[in-house]
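Below is one structure, written out as structure tokens; the observations come after it.
The chains referred to below are lettered A, B, ... by the order of the sequence lines, with proteins before strands, and numbering in each begins at 1. As a basis for the values below, the full set of heavy atoms in this structure was taken, side chains included, without hydrogen atoms, waters or symmetry mates.
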Number of protein chains: 2
Amino acid sequence: MVASGDAMESRIGRMCIERGLKMTGQRRVIARVLSEAEDHPDVEELYRRAVDLDSRISVATVYRTVRLLEEKGILERRDFGGGRARYEATEEGDHYHLIDVDTGKVVEFEDAEHTALMHRIAERLGFDLVSHRLELFARRKPTPPDEKPARAARAASKDGSRR
Amino acid sequence: MVASGDAMESRIGRMCIERGLKMTGQRRVIARVLSEAEDHPDVEELYRRAVDLDSRISVATVYRTVRLLEEKGILERRDFGGGRARYEATEEGDHYHLIDVDTGKVVEFEDAEHTALMHRIAERLGFDLVSHRLELFARRKPTPPDEKPARAARAASKDGSRR
DNA sequence: TTAATTGCAAAAGATTTGCGGGGTT
DNA sequence: AACCCCGCAAATCTTTTGCAATTAA
């Protein structure tokens with residue numbers, strides 16, 4: 001058989017191959033879109049981005065692929081309210097999301113203290129923690145008129161899919 | 001007019017009256033079902049329980065009522081996974097949910113430390129916390145063979161709606 | 001009386017699926 | 001060649017809504 005060079009394969013594309021998934025053209029495209037996404041797109045948005053790269057892709061396939069990758073642990077499904085599921089690549093270490101209730105922007109953050117606390121709480125109740133889910137809904141703090149405007153938050157601000 | 005005694009009104013029924021909602025027969029029934037619920041039923045389940053008390057109720061009305069009560073702050077909508085929204089009466093103080101991944105049972109718990117931490121985190125990111133959401137998914141800890149079996153957890157164990 | 005509420009069934013929005021054709025291993 | 005995957009459209013599932021009839025205030 002022909003040697004299949006992974007050289008041009010996206011990060012998620014490589015993960016698919018590692019897990020022995022059959023790499024079709026559309027999977028490669030979707031994997032690339034996901035690899036390049038820095039936000040938390042929903043299926044509609046993934047579909048738009050994928051079609052931009054290759055028009056021979058249907059929403060059904062995006063749904064099927066996103067589902068498959070979630071089962072394989074490559075993707076994680078999120079619910080930020082708004083009816084549609086949103087996705088992001090699985091990353092090392094837990095991180096959480098703060099949703100700006102006015103703009104819909106999503107800010108990611110880590111907090112080891114919180115993670116540890118979750119384990120302690122489950123423990124206290126007689127359980128082993130399998131996973132947990134945390135979302136903060138918040139409003140940007142108004143800048144006090146007398147102080148110099150606050151600089152941008154250190155955490156990355158990632159917007160969601162289009163409205 | 002005839003004096004309308006609240007005496008036989010359910011707890012949530014009284015809250016509806018306080019907020020000036022028009023009390024129809026179906027609302028009274030749904031309010032009663034909600035007042036008596038000790039779990040986190042979804043709309044289907046609420047509908048079943050309501051119909052048991054009065055067959056002249058439609059699912060549409062349950063959907064409409066549950067939505068109205070949520071807007072009025074009387075109910076809170078929950079998402080424990082599984083596709084359908086689930087509801088519980090708003091209570092004093094924040095409490096959270098641990099879902100047993102094997103049985104679907106829901107355990108409620110409070111944790112002031114966690115609540116405080118959430119405010120601190122939002123603050124740190126430059127936001128005012130509006131609300132937050134936390135769910136633990138966990139598995140009951142196996143009883144070590146050498147020790148006497150653990151007694152029931154102190155927290156109340158509430159199951160969800162039927163599967 | 002008057003405006004709000006209800007039932008019914010149709011509509012909507014998101015996601016899944018059956019099927020015949022096509023691509024990957 | 002064998003089996004998996006794709007596109008399409010129809011099907012599901014949950015929740016919402018238009019409309020005419022009914023009811024609380």
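One interatomic measurement links the two molecules: NZ of A/K72 to C1' of D/dC4, which rounds to 13 Å at whole-angstrom precision. The interatomic distance linking B/L46 (CG) with D/dT14 (P) rounds to 14 Å, in whole Å. A/E71 has its CD atom 11 Å from the P atom of D/dC5, to the nearest Å. Spacing between atom CD1 of B/I17 and atom P of C/dA4 amounts to 19 Å, rounded to whole angstrom units. Distance CG (A/L68) to C1' (C/dT17): 16 Å, rounded to an integer number of Å. The distance from atom CD of B/E45 to atom P of D/dT15 is 14 Å, rounded to the nearest whole Å. Between A/R56 atom CZ and D/dC8 atom C1' the separation is 16 Å, expressed in whole Å.
For B/F80 and B/H97, the ring centers are positioned less than 6.0 Å apart. Aromatic pair B/Y96/B/H132: ring centres closer than 6.0 Å.
By the 4.0 Å N-to-carboxylate-O rule, A/R133 lies too far from A/D94 to be salt-bridged with it. A salt bridge links A/E123 and B/K141; the closest N-O separation between the charged side-chain nitrogens and carboxylate oxygens is under 4.0 Å. Looking at A/R77 and A/E70, a side-chain N of the basic residue comes within less than 4.0 Å of a carboxylate O on the acidic one, giving a salt bridge.
The closest side-chain heavy-atom distance from A/V107 to A/D100 is not below 4.5 Å.
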Identify all pairs in which a protein N or O lies below 3.5 Å from an N or O of nucleotides 10-16 of chain C, and state each distance.
| unit_1 | atom_1 | unit_2 | atom_2 | d |
| --- | --- | --- | --- | --- |
| C/dA14 | OP1 | A/R84 | NH1 | 2.1 |
| C/dT15 | OP1 | A/A85 | N | 3.1 |
| C/dT15 | OP2 | A/Y63 | OH | 2.6 |
| C/dT16 | OP1 | A/R67 | NE | 3.2 |

Polar pairs (N or O, both sides) under 3.5 Å between protein and nucleotides 20-23 of chain C?
| unit_1 | atom_1 | unit_2 | atom_2 | d |
| --- | --- | --- | --- | --- |
| C/dG23 | N2 | A/K22 | NZ | 3.4 |

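Heavy atoms of other residues, nucleotides or ligands lying less than 6.0 angstrom from CD of B/E36 number more than 12. More than 12 heavy atoms of other residues, nucleotides or ligands lie within 6.0 Å of CZ in A/R120, so this atom counts as buried by the packing criterion.
Direction change of the helix axis from one end of the helix from C/dT1-D/dA25 to C/dT25-D/dA1 to the other is 40°, with five pairs defining each end axis (rounded to 10°).
Partners of B/T90 according to the side-chain hydrogen bond (donor to acceptor under 3.5 Å, both in side chains) rule, which considers only residues two or more places apart in sequence or in another chain, do not exist here. For A/L53, the side-chain contact (heavy atoms from CB on, under 4.5 Å) partners at least two apart in sequence or on another chain are A/V29, A/R32, A/V33.
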List the atom pairs, with distances to 0.1 Å, where a side-chain N or O of residues 19-26 of chain A and a protein N or O form a donor-acceptor pair under 3.5 Å, not counting sequence neighbours.
| unit_1 | atom_1 | unit_2 | atom_2 | d |
| --- | --- | --- | --- | --- |
| A/R19 | NH1 | A/K72 | O | 2.6 |
| A/T24 | OG1 | A/R27 | N | 3.2 |

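Phosphate proximity of C/dT5 to B/R27: present, with a side-chain N or O under 4.0 Å from OP1 or OP2.
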